[in-house]
Every structure is written in structure tokens, then in C-alpha cells.
Amino acid sequence: MAVRLFEGSDHAEAYLKFRVAPQELIGIIMSFMEKRTRNFHLAVDVGCGSGQGTTLLAPFFTEVVGTDVSPAQLQLAPTDGGPSNVSYRQCPAEELPFECEEVDLVTAMTAAHWFDHRRFLHEAYRVLRPGGCLALLSYTMDMELEYGDVSKTLNDICKEFYAALFPYRNPHIGSNSVEIYAGMFHSCPYPDKEWNECLRVRRHVPLSGFIAMVETFSSYRSLKETDPAEAAQLSSRLRNKLLAVMKTSSPDAEVIMIVKYFYWLARKP
Ligand SMILES: C[S@@+](CC[C@H](N)C(=O)[O-])C[C@H]1O[C@@H](n2cnc3c(N)ncnc32)[C@H](O)[C@@H]1O
Ligand SMILES: *[C@@H]1O[C@H](CO)[C@@H](O)[C@H](O)[C@H]1NC(C)=O
């Protein structure tokens with residue numbers, strides 16, 4: 001029965017709540033930009049999904065536009081209630097509806113690995129003004145947990161879970177998405193650029209939030225499509241094993257979830 005807890009609207013809610021680009025990374029992007037100037041007009045967040053990362057950019061820009069190819073994702077973005085200077089457009093990452101040299105910042109948060117890399121980089125360079133920045137960030141799947149003195153055991157259980165999902169990874173991403181971003185970084189011709197392979201971001205979340213987060217992985221969703229029963233079982237096995245080690249029955253028990261972000265930043269000369 002408890003498995004149902006993680007379906008439907010609860011799931012969508014948890015997704016919105018826990019799958020957020022962290023403020024820490026926005027801070028890092030803005031200090032990279034502010035090394036040069038402090039007056040920013042337009043930011044474009046490409047592959048913005050439901051706009052969770054997009055809205056974090058609002059305080060720093062006159063205007064922020066989130067773009068995504070998926071109408072379903074964009075529908076989840078806040079229309080009213082969100083910052084008034086943030087809007088959304090439906091378009092592919094490889095064809096951005098902006099003039100040449102119009103944009104101060106192009107970001108892609110956990111999205112660029114889905115794009116046509118060569119065409120997207122080309123398009124980002126076209127729309128960026130000289131001195132404008134490109135920021136690509138994502139995180140690896142191997143999230144860790146901290147809880148009392150049983151963290152090691154919890155992480156062994158998580159590793160088993162990740163291994164079970166491994167065959168369901170999209171072949172486009174290969175075994176490691178870091179490599180895709182590293183390849184894009186090396187092909188970026190701007191001299192002023194920065195690569196960070198691991199930024200550990202810690203969050204206090206209920207265990208159910210962690211489970212909901214891993215259920216948003218595309219490999220999990222792909223397993224769920226092929227074999228819903230197996231997916232549900234895998235997830236409830238993960239939850240029950242973690243709960244047993246934590247010696248609690250409450251999925252609300254708070255754990256520390258560690259997300260390993262990687263990112264690169266580059267400034268158009
Ligand atoms: C994992 S989601 C990330 C969403 C959001 N940036 C976030 O951090 O929560 C990836 C998004 O990229 C979008 N996407 C994939 N390929 C795309 C493309 N070629 N052009 C534009 N968006 C694309 C998908 O529709 C999806 O919303
Ligand atoms: C954009 O909206 C954010 C959040 O509402 C606000 O902090 C920021 O000052 C706005 N920017 C401008 C230039 O109005």
C-alpha cells in the first residue's frame with residue numbers, strides 16, 4: 001500500500017520540491033559573471049522544464065526567459081505567482097528565439113546532455129553578447145545519504161539501487177554524463193572558462209523526498225514504462241531497506257542528501 005504514496009500528485013509535488021537547482025550554483029554563476037560587470041539585462045535558461053532553476057535567476061536580471069521543447073514541462077512552470085520578470089517560451093535548444101548578441105547569460109541545468117551539443121553551443125555563442133556567459137550544470141546519479149552512524153550502510157543500499165537502474169540509462173547519455181559535459185567544455189573555444197567536476201551540495205530532506213527524487217531519474221522512469229511492477233518493487237525495496245537500517249518506520253525521517261553537481265562556466269570574449 002505504502003508504494004502508492006509515491007505515485008501521482010505526491011510524486012509531482014516531491015519532484016517540484018526536491019529537484020531544484022541549488023542556490024549555491026546560482027551564486028557561483030553570478031560571481032563568475034560579476035568579475036566583469038554588474039549590469040545584467042537578459043538571462044535565458046535552456047531546457048528549463050518546470051522553471052525551478054529559472055526563477056532563481058530572477059533577482060539578478062531585468063528579464064529571464066525559460067525555454068523548453070516540451071509543452072508538458074512548460075505547463076508546470078508557474079504562470080502567476082512566480083517573479084513577474086520571468087517568462088517561458090517553447091522552442092528547441094538549438095534554435096533560440098533571440099537576436100545575435102542579445103543575451104547576458106545562457107544556462108542549462110540538468111538539460112544540456114539531451115541537446116544536440118554542437119548545434120546548441122553554436123546557438124548559445126550566437127545569442128550571447130561579448131562578455132556574456134554560458135553556464136552548464138548537472139549532477140551525477142550517485143547521490144549519497146547521511147544519517148547518524150549508518151551512512152556507509154545506507155550508501156551501499158543506494159549503490160545497489162543505482163546498479164539495478166544502470167541498464168535502463170538512455171544510451172544517448174552513456175555510462176557517465178560527466179564525460180558529455182567535459183567534451184563540450186573542451187570544445188568551447190573561449191579562453192576564460194572554468195570546470196568543476198564535483199560540488200557536493202547537502203540538503204536536509206525526508207527520506208520520502210530522497211526516494212521521490214531518485215524516482216525522477218530518467219532511468220527509473222524508463223524502467224517504470226517497461227515494467228511498472230518491477231519499478232515499484234525496486235523503489236519499495238530501497239525504502240524498506242533504508243528504513244530498516246535507520247531503525248525507523250517513518251518515511252518522514254530526516255536524512256541529509258548529498259547531490260554531486262558538476263558544472264562549467266565560460267565567458268564569450
Ligand atoms: C531533467 S529536465 C531539467 C529541467 C530543469 N532545467 C531543472 O533543472 O529541473 C531536462 C529538460 O530538458 C528539456 N529538453 C530536452 N531536450 C531539449 C531540446 N533539444 N531543446 C530544449 N529542451 C530540451 C526537456 O524537455 C526537459 O524539460
Ligand atoms: C525580477 O524579479 C525578481 C523577483 O521578483 C526581483 O527581485 C528583481 O528585482 C526583478 N528584476 C527587475 C530588474 O525588476
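Indexing begins at 1, ligand by ligand and atom by atom, following the structure's order.
- Close N/O approach between Cys91 and ligand 1 is not found [any backbone or side-chain N/O within under 3.5 Å].
- Within ligand 1, the atoms closer than 4.0 Å to a non-hydrogen atom of Ser70 are 25 (O), numbered from 1 in the order shown.
- The backbone N or O of Leu42 lies less than 3.5 Å from a partner atom in the side chain of Asp104, making a donor-acceptor pair.
- The Met109 neighbourhood of ligand 1 comprises atoms 3 (C), 5 (C), 6 (N), 7 (C), 8 (O), with distances under 4.0 Å to a heavy atom of that residue.
- Between Thr67 and ligand 1, no N or O atom pair is found at a separation short of 3.5 Å.
- You'll find the side chain of Leu238 reaches within 4.5 Å of the side chain of Val214, heavy atoms only.
- Of all atoms in ligand 1, listed by their number and element, those nearer than 4.0 Å to a heavy atom of Gln52 are 9 (O).
- Ligand 1 has a nitrogen or oxygen under 3.5 angstrom from a nitrogen or oxygen of Glu94.
- Looking at Tyr263 and Tyr181, their side chains never come closer than 4.5 Å, going by heavy atoms from C-beta outward.
- Two rings, from Phe217 and Tyr168, have their centers 6.0 Å or more apart.
- Using a 4.0 angstrom heavy-atom cutoff, Pro92 counts as in contact with ligand 1.
- Close approach of ligand 1 to Gly49 (heavy-atom distance below 4.0 Å) involves ligand atoms 4 (C), 27 (O).
- For ligand 1 and Ala111, the ligand atoms under 4.0 Å from any heavy atom of the residue are 10 (C), 12 (O).
- A heavy-atom distance below 4.5 Å is not found between the side chains of Asp142 and Cys158.
- Side chains of Pro78 and Tyr88 form a contact here, defined as non-hydrogen atoms less than 4.5 Å apart.
- Counting only distance, with no hydrogens or angles, the side chain of Lys241 and the backbone of Ile157 share no donor-acceptor pair below 3.5 Å.
- Screening Trp264, Tyr125, Phe32, Phe185 against Tyr190 for a ring pair (Phe, Tyr, Trp, His ring centres under 6.0 Å) leaves a single residue, Tyr125.
- Every atom of ligand 1 with a heavy atom of Cys48 under 4.0 Å away is listed here by number and element: 4 (C), 5 (C), 6 (N).
- Between Phe262 and Trp195, the two ring planes are tilted [angle within 30° to 60°].
- Looking only at side-chain heavy atoms (C-beta outward), Met109 and Ile26 come within less than 4.5 Å of each other.
- Residue-level contacts of ligand 2 at the 4.0 Å heavy-atom threshold are Ala58, Pro59, Phe61, Thr62, Pro83, Asn85.
- Backbone and side-chain nitrogen or oxygen atoms of Phe115 are examined, and none is located within less than 3.5 angstrom of a nitrogen or oxygen of ligand 1.
- Contact detail for Leu74 and Asp68: the closest heavy-atom pair is CD1-O, 3.6 Å.
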